[in-house]
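Read through the structure below, which is laid out as structure tokens, and then see the notes.
Every number for a ligand or one of its atoms is a count from 1 in the order of the listing.
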Amino acid sequence: MAVAWIRVLFMVVCLFPVLVQCRIRHYKFNVVMNNTTKLCSSKPIVTVNGLFPGPTVSAREGDRVLIKVVNHVKYNLSIHWHGIRQIRTGWADGPAYITQCPIQPGQSYVYNFTVTGQRGTLWWHAHILWLRATVHGAIVILPKPGVPYPFPAPDKEVVVLLGEWWKSDVEAVIKEATKSGLAPNVSDAHTINGHPGPVSTCLTQRGFNLPVDTGKTYMLRVINAALNEELFFKIANHKLTVVEVDAAYVKPFKTDTILIAPGQTTNVLVKANQESGKYLVAVSPFMDAPISVDNVTATATLHYSTAVPSSVTTTLTAPPPQNATALATKFSDSLRSLNSKKYPAQVPSEVDHSLLFTIGLGVNPCATCVNGSRVVADINNVTFVMPKINLLQAHYFKISGVFTDDFPGKPIMPYNYTGTQPKNFATVKATKLYRLAYNSTVELVLQGTGMVVPENHPIHLHGFNFFVVGRGVGNFKKKDRKKFNLVDPVERNTVGVPSGGWTAIRFRADNPGVWFMHCHLEVHTTWGLKMAFVVDNGEGPNESILPPPPDFPKC
Ligand code: C2O
């Protein structure tokens, strides 16, 4: 009863937004099949409101957002608001079978959350099957009214969504791979705001063009929505000033190239300070392991408005080599929290849970597969098995038999993770969670392994931002802790663990619920490189999960 009254009060108060500066934003997402002329194909794709990329969700810090998702396609659906902390509202987080059962064909669900303590660029995407290939879009969170950016305000802001495109149906691609036990086909092109740019099979395709005026500054909100590839992004002759990643401000720094992994967002300032003309934007893959990638560079253009079309010359740029590890490392090492008075880096200094998770691939026997075996992926040798009903519901209503909370905090059988390969590649299949008390602090060392092949894994944690306190090559050692940056480490929600190396993160478990953690390379998630934390309620209603909404989808 009291809760209902508070809700009514909140709604009434929000009728006077100027007075209280809070707002409710309403969106309707109709998920429909649609043809898009941007892609060189007449095959219909799954879209939101017929758009590719999908619509931008705009809000201000403090706003409440209500998004009604209506499923008009033949697939089960769910949508994740990637990076939104969802404080106490895990029901709106979106990963299928983790925090909700899918929205079935013909059904709908209203995602209802408040943007608390965050501003910057995030994004939303389907969180079931491989639908996120085409079901994704930007989330732009502006600071509260009257609060400036901690850097000179740009003249214009532009969303730049990077993606991957397959000629064939994406669901067919992964279905085939799951059947054979082999790796799925790589994509046929990368996209910039839905345009592949000129690719060999599609020469008439024009790429995305950004018109600019001399002397003006542009803020590009770059988002990597690709399924399986980390990307380099650069613009011919123009420096990029990085000001924010994953909706957290950073100490600004200049670079020619940014590295962005699937799941990550990066805001950069670009000044149109070159001679009038056309400048190429290049997006190309980063892969420093012997694994095949889609090596088609996507291109777009920056076009100075004063350039006369007939005489315009295009300044080209060479993409970095695919295996440019040094460049990738330099970029990652340059990222630091802004750590100002207004935006302090609140790094946990004491640690309640010190965890070591090995992440990598494995091989399990499979009688029906092509080679008699199946490529899998794991964390601490556990290949995560998706439950039949969502974990949050099982946790909230204490339904037994859905998961166990004995996820190992350390490898059960330690070995030389980045050394010679062990004989046994097999993993354990289970639905195990790691339990955390409310407000406990966690240090998690993500240790890449050389099982099958070492490669870079962008690890994403739902429900939290974390601080990246250290990274290195080889096996993590105790003494590496001495070099941790506890002063101004970058704060984010997705971080790359280097090939054959480790990354250490710290966070405070101040959000009750069930929170998914997984590799944001979709193929690795499919293979089982995922687990979840269950964070218990704290004391009183403010530290407890809210009840599920009335239209919460049924399994
Ligand atoms: Cu952007 Cu669990 O994902």
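At a threshold of 4.0 Å, the pair Lys429-Asp378 does not count as salt-bridged, since none of the basic side-chain nitrogens sits closer than that to a carboxylate oxygen. Using a cutoff of 4.0 Å between basic side-chain nitrogens and carboxylate oxygens, Asp405 and Lys432 are not scored as salt-bridged. Checked for salt-bridge contact, Asp63 and Arg23 miss the test: no charged N lies under 4.0 Å from a carboxylate O.
Relative ring orientation between Phe464 and Trp515 is described as perpendicular, the plane-to-plane angle rising above 60° on a 0-90° scale split at 30° and 60°. The aromatic rings of Tyr249 and Tyr343 sit perpendicular, their planes meeting at an angle over 60°, well past the 30° parallel limit.
If you look at atom 2 (Cu) of ligand 1, the protein N, O or S atoms less than 2.8 Å from it are His127 NE2, His462 NE2, His518 NE2.
By the 4.5 Å heavy-atom criterion applied to side chains, Leu392 and Trp91 are counted as neighbours.
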